[in-house]
Amino acid sequence: MTIMTVGGCLVCGGQSLEPLLSIPDVPTLTNCLCASEAEAADAPRGNINLVYCLDCGHIVNAAFNQARVTYDGRFENTLAFSPRYRQYAEATAARIINRYGLHGKCIVEIGCGGGDFLRLLCDAGNCGKGYDPSQPPSRTAAGLGRVEIIGRSFAAKDACGADFVCCRHVLEHLPAPTDLLRQLRESIDVRTGAIVFFEVPNGLFTLERLGIWDIIHEHVSYFTPSSLARAFHAAGFTVCRAAFDFDDQYLWVEARADGLILSSELPERPPNALYTSFAARFADRVDHWRERIAEWRSERRRIVVWGAGAKGVMFLNLLQVTTGAGIDCVVDINPRKQGHFVPLMRQRIVGPDWLLHNPPDLVIVMNPEYESEVRCMLDDIGIGCELISA
Ligand SMILES: [Zn+2]
C-alpha cells in the first residue's frame, strides 16, 4: 500500500516515475532507541517503495508513512563520539568559516540535534540558534558559548536576519523538501548576502557504489547532484558550490539567495542504467552477505556488528538476522545507545568494553570510514580479531 501520495517528483514535479526497489517490513525509524527486547520486537514497521524520476533522477520512498515517524527524545543519531566523524565535522566548519568570513555573525541551524556542529561554527565568535524537535524546549547549555538550542521544528521566520543557515541530514527526511527551501528563500534578506549550506546523503553513492545499508524508511528522498541542484534552483537559490565528501557518502551545496540563476549549469541526471540495474545489484549484495553470515555461523564464529546507527540496524534487518541467529550484539561508542536494542532484530547495543569479556572472532564495521578507528579501539583493549567492512 502506498502511504504517501506521490503526485509527481518531489523536486521537479515530473510525472514520469519508475519503480526502483521495494523492501517490505522494515523499522520505520532506525535511530529510535528501544528500551527493551520486547519493545524492539514491537517497533513500528513500514515499507520502502523507491521510485525515481525520469526527468531529474530524484528518488523517493513512495511508501513513507509520516504517522509512524516522530523525532522525539527517543531519537538518537549523533555521530560526535567518533574521532573520524569529529575530524570531518571540524574540517567542514573550518572550511565554511574561512570561505565566508564567518566571525561575529548570526548563524541558524535547522535540525541541529544536540548542537555539536553549531558549536563548532560558533567557536569562531558567532552567535547561533539551532532548532530541533528532538531536543528539550529551550536551553543555552553551559559550555556551549553563544549557542541556543530550541526544541521545536524550524519555522521560516527563524531565518530572518541570519547571515548563514545550515541544515545537515534533514532535507531527505521531509515529505515536501522544496517547501522548506522556498520558505527559507522568502525569509532571507538578500541584502545580507546570506549563505545556506545543506548536506544530505549522496544518492549517487547509493546507486553507483551500492551504499545499500542506509536505505531506510525515514529517508523520503535520495538526492543526486542533479536533483539537489534543481531543488535549490526551483526555490530561487544560486548554488555556489557543490561537492561530495566523507568518501563520497555525503553531498553538500553552498547557495546564495541572490537570484543569479543559471539553469544551463544544472548538472545532468545520472545515466538510466544505474537505476534499471539497481534492484538486481541490490539483491546480489544482500545475498552475498546472507551467504557469508551463514558460512561464518556454520564455522561457529562469534560475530559482532560495530555501529548501531541506520546502517547497522538495516544490515541486520535486510539480512533478517535476529538475536540468537548468529549475531547477538551490536557495539556502539555512543553511550546513549548502549543498553538499548535494535528495532525488530532485537540485538543488545553494548559498549566496546563488553568485548573484553566476550571476545569476538569477527567484527563487521558498518561504515568503512570508521574501520581504522575501530581497529585502534580494539587494539587498545587487546582484541586482535578479524575486521571486515560491510
Ligand atoms: Zn524530478
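We count ligands from 1, going down the list as the structure has it; atoms in each ligand are counted the same way.
Under the 4.5 Å side-chain criterion, counting only non-hydrogen atoms from C-beta, C329 is not in contact with N358.
Among residues at least two apart or in separate chains, ring pair (Phe, Tyr, Trp, His ring centres under 6.0 Å) pairs with a member in residues 308-335 are W213-F315, W289-F315. For the salt bridge (Lys or Arg N to Asp or Glu O under 4.0 Å) condition, no pair includes a residue of residues 313-330, sequence neighbours left out.
Both tests do not hold together for R168 against F198: distance to the six-membered ring centre under 6.0 Å, angle to the ring axis within 45°.
Sorted by chain and number, the protein atoms of type N, O or S within less than 2.8 Å of the Zn ion (ligand 1) are C9 SG, C12 SG, C53 SG, C56 SG.
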Distance-only donor-acceptor hits, side chain of residues 15-23, under 3.5 Å, sequence neighbours excluded:
from	atom 1	to	atom 2	distance (Å)
Q15	NE2	G7	O	3.0
Q15	NE2	G13	O	3.2
S22	OG	N49	OD1	3.3

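The backbone N or O of G104 sits less than 3.5 Å from a side-chain atom of N126, completing a donor-acceptor pair.
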